[in-house]
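Letters A, B, ... are given to chains in the order of the sequence lines, protein chains preceding strands, and every chain is numbered from 1.
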Protein chains: 2
Amino acid sequence: MTRAGVTAARLTEAAADLADEVGFENVTVSALARGFGVKDASLYSHVKNAHELKVRVAVFALAELADRAAAALAGRAGKDALVAFANAYRDYAKEHPGRYAAMRMELDPETAAASAARRHSELTRAILRGYELREPAQTDAVRLLHSAFFGYVSLETAGGFRHHAREVDASWSSAMDALDALLRNWPPAS
Amino acid sequence: MTRAGVTAARLTEAAADLADEVGFENVTVSALARGFGVKDASLYSHVKNAHELKVRVAVFALAELADRAAAALAGRAGKDALVAFANAYRDYAKEHPGRYAAMRMELDPETAAASAARRHSELTRAILRGYELREPAQTDAVRLLHSAFFGYVSLETAGGFRHHAREVDASWSSAMDALDALLRNWPPAS
DNA sequence: CGCGTTTCCTAGAGCTTCTAGGATCCTACT
DNA sequence: AGTAGGATCCTAGAAGCTCTAGGAAACGCG
């Protein structure tokens, strides 16, 4: 009897795949063990909790998306960078809905700090290099941009825009125009 | 032995309260039954599923927030309306984190259509009366606004802005300024 | 009062989580 | 080669949650 070769990393990736297939809230230690041809109790040598497993998936997805966003940002500036970054978010959510749902988890401060969440902020900030924004407006813009991307993609994947006539793609590109215009014309502090 | 007086509505409200206390993902039929001093099997006369219970909470929260938003919007226009509406979202999420998390659930199309989700769109659209936007820019603006509110509040409650120096309240009001400026100066279709 | 409906119960099956303790495999050191 | 230690996997089992089936008790109405 050879071993199944389970590691924490492999486990996390399998959990992420499972999340994309059956939904993040249906990711379970038992189902994961079945996928590995292993009893569920065995997985507790690699993972403390069911909760820890989900946190691992969230952190993994955060890092994966940060990689994609960084790649999309390379060699681009201004509106090109903005659109490429935003599309990285949207495409990732479409391709990996379970992983994206995992990212919506609440992480406790220390794991959040250790995760790629900070990279997301830094990458969003990198977009602003093509625009003229100084602190503290820069931080405010980073937060608003991140919120807009995140919220738009969340609402779209949740089906929030389904019942409208207008095509979502057209709305999306219009939103990109609007955000670009906003960054070029950020209002002075009141 | 008198009856406990359980109805679907009372159940939903208790579930919403429970969600605010222990988190939406920890809302369980058993815990709810304990709260009513009743066996868990009894609740299945009122609710089909655990899933249906959660959907009920989501729909309930959606309606409750729509009521608040509508009240906040009454008698206001322009930026006043924008800020009041956005604050209704943010305050609700702070006051009722479990209910807000419930709203993030994916609803199947028919229940989503029957829910207050449409009212949210209409209320967001009402904000735009104070600005000069025609279709299809209006729909695009509604989606972007809704995304920004929703995303900002989600990220803030998830602790996404915790590690930054700048006060979130200041960033928030700056975001309001920015969105107001954007609506007053929406870019023409490209 | 009696009838049907609703609410609640007990009993139990099935799934998931997680712990305890034991067996087996791999690695590294002597 | 032999063996000690650690990592991986197992069985067994307790506890919680979901949900069904069938029965009893309360309630509402004619």
Side-chain angles (χ1 to χ4, degrees), chain A residues 1-60 98-99 101-102 104-108 111, chain B residues 1-60 98-99 101-102 104-108 111:
Chain A
M1 177 78 90
T2 70
R3 298 202 181 180
V6 178
T7 64
R10 208 182 296 262
L11 213 57
T12 305
E13 229 176 300
D17 289 342
L18 186 62
D20 287 336
E21 285 168 25
V22 303
F24 181 62
E25 73 280 3
N26 295 101
V27 169
T28 182
V29 177
S30 304
L32 208 56
R34 274 193 294 275
F36 276 93
V38 150
K39 296 297 171 186
D40 50 346
S42 304
L43 297 191
Y44 288 90
S45 327
H46 304 281
V47 171
K48 240 201 325 274
N49 269 345
H51 182 257
E52 200 209 55
L53 175 69
K54 292 188 177 185
V55 169
R56 265 182 173 28
V57 174
V59 171
F60 172 76
R99 284 160 154 93
R104 270 172 281 191
M105 268 195 69
E106 288 195 34
L107 302 177
D108 49 313
T111 54
Chain B
M1 175 79 88
T2 70
R3 297 197 183 183
V6 179
T7 64
R10 208 182 295 261
L11 213 58
T12 304
E13 228 175 300
D17 289 341
L18 185 62
D20 286 337
E21 285 168 25
V22 303
F24 181 62
E25 73 281 3
N26 296 98
V27 169
T28 182
V29 177
S30 304
L32 208 55
R34 274 193 294 275
F36 276 93
V38 149
K39 297 295 170 186
D40 51 346
S42 304
L43 297 191
Y44 288 89
S45 328
H46 305 280
V47 170
K48 242 205 320 278
N49 269 345
H51 183 257
E52 201 210 55
L53 175 70
K54 293 188 177 184
V55 169
R56 264 182 172 32
V57 175
V59 171
F60 172 77
R99 284 160 154 92
R104 270 172 283 194
M105 267 195 72
E106 288 195 34
L107 302 177
D108 49 313
T111 53

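Rounded to whole Å, the distance from NZ on K39(A) to P on dG13(D) is 15 Å. Between F36(B) atom CZ and dC8(C) atom P the separation is 9 Å, expressed in whole Å. Computed from coordinates, the Y44(B) OH to dC17(D) P distance equals 11 Å when rounded to whole Å. Rounded to whole Å, atom C1' of dG16(D) lies 16 Å from atom CG of L32(B).
Taking CD from E25(B) and CD from E106(A), the interatomic distance works out to 7.5 Å, rounded to the nearest 0.5 Å. Here R104(B) contributes atom CZ and R104(A) contributes atom CZ; the two are 8.5 Å apart, rounded to the nearest 0.5 Å. Within the model, atoms CG of L53(A) and CG of L11(A) stand 6.0 Å from one another, a figure rounded to the nearest 0.5 Å. Remark: R99(A) CZ to E13(A) CD distance equals 7.0 Å, nearest 0.5 Å.
When all heavy atoms of V57(A) and A15(A) are compared, the closest pair comes out as CG2-CB, 3.5 Å. Summarising the geometry of A102(B) relative to F24(B), their closest heavy-atom pair is CB-CE1, 3.4 Å, with the distance given to 0.1 Å. Closest non-hydrogen pair, V47(A) versus R56(A), comes out as CG2-NE, 4.5 Å.
In this structure, S42(B) reaches the dC9(C) phosphate: one of its side-chain N or O atoms is under 4.0 Å from OP1 or OP2.
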_Base-contact (B) and sugar-phosphate-only (S) positions in nucleotides 11-16 of chain C, heavy-atom cut-off under 4.0 Å, - elsewhere_ = B----S
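Shown for residues 47-54 of chain B: residues whose heavy atoms fall under 4.0 angstrom of DNA chain D, namely N49(B), A50(B).
Judged as a side-chain hydrogen bond (donor to acceptor under 3.5 Å, both in side chains), not a single pair has a partner in residues 26-40 of chain A (not counting sequence neighbours).
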